[in-house]
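Heads up: the structure comes next, in structure tokens.
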Amino acid sequence: MPKKREIEAYNNSVNIPVYNSASYYFDDREQVIEGLHKKSIPVGRYGRYNNPTWVHVENRLSQLSRAEDTLIFSSGMAAHFTTFIALLKAGDHVIFPAECYRQVRNIFHKILPKYGVIAHEVSIVDPEEFVNQVESLSKKHNVRLIHLEMPSSPHMYLIDLCKVKDALKKETIITMDSSFAPPPNFYALDWGVDLAIFSGTKYLNGHGDIIVGVVSGKKELIEEINWYRDTTGPVPDGQVAYLLNRSLHTLNLRIKEINEKGLKVANFLQSRPEIKSVLYTGLETHPHYALAKKYLNGHGGVITFALDLNEEQTSNFVDSLKEPFMASNFGAPQTLIEQSTFFTYYEYSEKELDDIGVSYGTVRLALGYIDDTDAIIADISKALSSLAGEVNDVKNPTTV
Ligand SMILES: *Cc1c(COP(=O)(O)O)cnc(C)c1O
């Protein structure tokens, strides 16, 4: 067997090959100098820095978000963390939403302060109050970065991005966790966001079979983040990049399907008297519906609803469902359901739950695009009907 692999005589396969290589070879010393150091010819060096399958999917993701450049990561959290650690330093002020993804909140609460970053948490429940707070913090401090997330989970809250941007100094970097609303439902970068960050695990991959993260946006910022990715190594392997690339072929089809299904099921849930409230940005009753009309092109498949029940009664309701898997994720092919106080907020006290507006009756439904909505509706309908007595008990505790 020859020591060096010959490059294939034909490398014009329609699909991008999966590159799984820890290193890339050079023909001679000249190529090392030109390729590695002068960068005058495109050659790879080592798998933590280079992978042609990554580059292919990164280019497609840039097109998707209308971004100057993109990087992929080993997870959505790695994408967030690498971005923050690359762009922030001791003494910097940063603003983040109280309602953002719990582990992102942990980065601001528990990790970055260890390195001298001063993090300000502001609630987005009232969009105008959020803008006011951002404006006053921005006047008082040199805010290096503001991190946003919309829609947020589980309430699907939105942010008036244009007003937030006006309230900030020009040099403040705006990052946005867009996992719940990727293109084509929402184009964060078109609204002046500098970096759109995604858990690619969710809608972008859409098959529930890989963990991956994405950062798309301004080239100069991406270059800084790239140095941190090269150095600290939160990279996916070639197979993950390949699967993400394959998933992008069907992104528009999947999102179109899930938007239709989401609206249909949200309307059904709202029509049921046993359900106290439904939070879905496509419903006029959503507190931020006006913002949804301004910023979103579609509303996805995640619907949060609250039953007028205690924790155990709510669990009985969720347990009795036959169709959805009890699992955390969204954007997957299968429909998933979770009772919020048993998943994300298990360790929260009653007071903490009150503060964040999550009740024991809160349930998050993440519709899958392969499921028949009529079957999901029938399943939920049956479970609700068998609860009717209990709902009454809670509303009228003195009733026998
Ligand atoms: C899932 C998720 C993340 C984390 O992404 P991973 O790919 O699981 O690391 C971050 N933000 C939001 C909004 C998410 O839903």
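Heads up: numbering here begins at 1 and tracks the sequence. For ligands, and for the atoms within them, numbers begin at 1 and follow the listed sequence.
On a distance-only criterion, Asp177 and ligand 1 share at least one N/O pair closer than 3.5 Å. Checked by distance only, ligand 1 and Tyr101 stay at 3.5 Å or farther apart across all their nitrogen or oxygen atoms. For the pair Met77 and ligand 1, the shortest N or O to N or O distance falls below 3.5 Å.
Within ligand 1, counting atoms from 1 as listed, the ones closer than 4.0 Å to a heavy atom of Ser179 are 11 (N), 12 (C), 13 (C). Within the listing of ligand 1, atoms 7 (O) sit less than 4.0 angstrom from a heavy atom of Val212. Atoms of ligand 1 found under 4.0 Å from any heavy atom of Phe180, numbered from 1 in the order shown, are 13 (C), 15 (O). If you number the atoms of ligand 1 from 1 as listed, the ones under 4.0 Å from a heavy atom of Lys202 come out as 1 (C), 2 (C), 3 (C), 14 (C), 15 (O). In the vicinity of Gly76, heavy-atom distances shorter than 4.0 Å reach the ligand 1 atoms 5 (O), 6 (P), 7 (O), 9 (O).
Under the 4.0 Å criterion applied to side-chain N and carboxylate O atoms, Arg229 and Glu58 are assigned as salt-bridge partners. The existence of a salt bridge linking Lys294 and Asp160 is confirmed by a sub-4.0 Å separation between a basic side-chain nitrogen and an acidic carboxylate oxygen.
Arg66 forms a cation-pi arrangement with Tyr187, by the criterion of a distance under 6.0 Å to the ring centre and an angle within 45° of the ring axis.
No close placement of the Phe73 and Phe81 rings is indicated, their centers lying 6.0 Å or farther apart.
Ring geometry for His93 against His120 counts as parallel: the plane angle stays under 30°, on a 0 to 90° scale with 60° as the upper cut. Ring orientation note: the planes of His147 and Phe108 are tilted relative to one another, at an angle of 30° to 60°.
Residue Glu149 touches ligand 1 through its side chain alone, judged by heavy-atom distances below 4.0 Å.
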